[in-house]
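Atom set for the values below is all heavy atoms of this structure, side chains included, hydrogens, waters and symmetry mates excluded.
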Amino acid sequence: MPAAQVLYRLRQFWRGLQATVTPEELTKAAGVLPPAAFALFKRLPVDGQRHSLNVLNSLEGEGAVPPPLAVAALLHDVGKVAASEAGLEIHLWWRGPLVLLETFAPALLTRLSSPEPQHGWRYLFYVHQEHPQIGARWAVEAGCSELSCWLIAHHQDPFARHFTAEHAELLARLQRADSVN
């Protein structure tokens, strides 16, 4: 992992420890999301909410943000909550090792993963890998648009297929904003 990525991850960890979200920011998120989707957003830990708001703010800094992209910015990591619902947490302390494992030994991460919550830390690995699809399913159930759900499902996929030029542009914007926040 290049030194710049290590520094980025260390800064990300530090920001996560200090994360806060203001009532005004929650109001902003509530204005972007359908009510059931806002309930999903509220299930994110504070550092996850902060990250999602930062992604949205970065997108806004580039110009107009179409509603499906704004929704995806706020919900792209919501699938990580699946671990919490199984009595586990993808805490800040887990994220660094997960990213390192994903970077240096992705096949090992896949082999160690288990879709069964009773498998503890192995389920954390599964949720880490599958959170885009989990989050997209939840977003569908929460009444989000098809495009928002597609963006959530593919936010970590650099080789997403079957998309239009609009999809490709929006996905690139989401990935760019996510990578710097």
Ionic contact status for Glu130 with Arg137, cut-off 4.0 Å =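 Looking at Arg137 and Glu130, the cut-off is not met.
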
Is it true that Arg122 and Glu116 have a side-chain N and a carboxylate O under 4.0 angstrom from each other?
->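 Looking at Glu116 together with Arg122, the answer is no, because their closest N to O distance does not fall below 4.0 Å.
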
Minimal non-hydrogen separation, [X] against [Y], with atom names:
X	Y	value
Val180	Ser58	CG2-OG, 4.5 Å
His167	Leu151	O-CD2, 4.3 Å
Arg173	Pro66	NH1-CD, 3.9 Å
Ala153	Pro132	O-CB, 3.4 Å
Ile152	Ala139	CD1-CB, 3.8 Å
Gly120	Leu88	O-CD1, 3.5 Å

Any donor-acceptor pair under 3.5 Å from Thr27 side chain to Pro23 backbone =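 Yes, the answer is positive, given that a donor and an acceptor are paired below the 3.5 Å cut-off.
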
Backbone N or O of Gln49 within a donor-acceptor pair of the Ser52 side chain at under 3.5 Å?
->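 Checked: no pair found.
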
Just list the side-chain donor-acceptor pairs under 3.5 Å for residues 67-83, sequence neighbours left out, or say none.
unit_1 : atom_1 : unit_2 : atom_2 : d
His76  : ND1    : Ala73  : O      : 2.8
His76  : NE2    : His51  : NE2    : 3.0
His76  : NE2    : Asp178 : OD1    : 3.1
Asp77  : OD1    : His131 : NE2    : 3.0
Asp77  : OD1    : His155 : NE2    : 3.3

Sub-4.5 Å side-chain heavy-atom contact between [X] and [Y]:
X	Y	value
Pro115	Tyr126	yes
Leu109	Phe104	no
Glu166	Leu147	yes
Leu26	Lys42	yes
Pro117	Tyr123	yes
Lys28	Asn57	yes

Going through the distances and angles, do Val32 and Phe38 end up as a side-chain contact (heavy atoms from CB on, under 4.5 Å)?
-> CA-CA 8 Å; Val32 169; Phe38 181 64; over 6 Å; no

Hey, are Ser113 and Thr110 close enough side-chain-wise for a donor-acceptor pair under 3.5 Å?
->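 Checked: Thr110/Ser113 side chains show no N/O donor-acceptor pair below 3.5 Å.
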
So how far is it from [X] [atom1] to [Y] [atom2], rounded to the nearest 0.5 Å?
X	Y	atom1	atom2	value
Arg43	Trp138	CZ	CH2	4.5 Å
Leu124	Leu112	CG	CG	12.0 Å
Leu170	Gln175	CG	CD	11.0 Å
Leu59	Asn54	CG	CG	11.0 Å
Leu56	Glu25	CG	CD	10.0 Å
Trp150	Cys144	CH2	SG	16.0 Å

Could you go step by step and tell me if Asn181 and Arg50 meet the side-chain contact (heavy atoms from CB on, under 4.5 Å) rule?
-> CA-CA 9 Å; Asn181 287 291; Arg50 173 80 271 140; over 6 Å; no

Shared hydrophobic cluster, Leu33 / Val140 (ILVMFWY, side-chain heavy atoms < 4.5 Å) |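 Cluster IDs for Leu33 and Val140 differ.
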
Contacts of Asp157 that satisfy side-chain contact (heavy atoms from CB on, under 4.5 Å) - sequence neighbours left out =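 By the side-chain contact (heavy atoms from CB on, under 4.5 Å) rule, Asp157 matches His154, Phe159, Ala160.
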
Gln118 atom CD, over 12 foreign heavy atoms within 6.0 Å |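 Above 12, so yes.
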
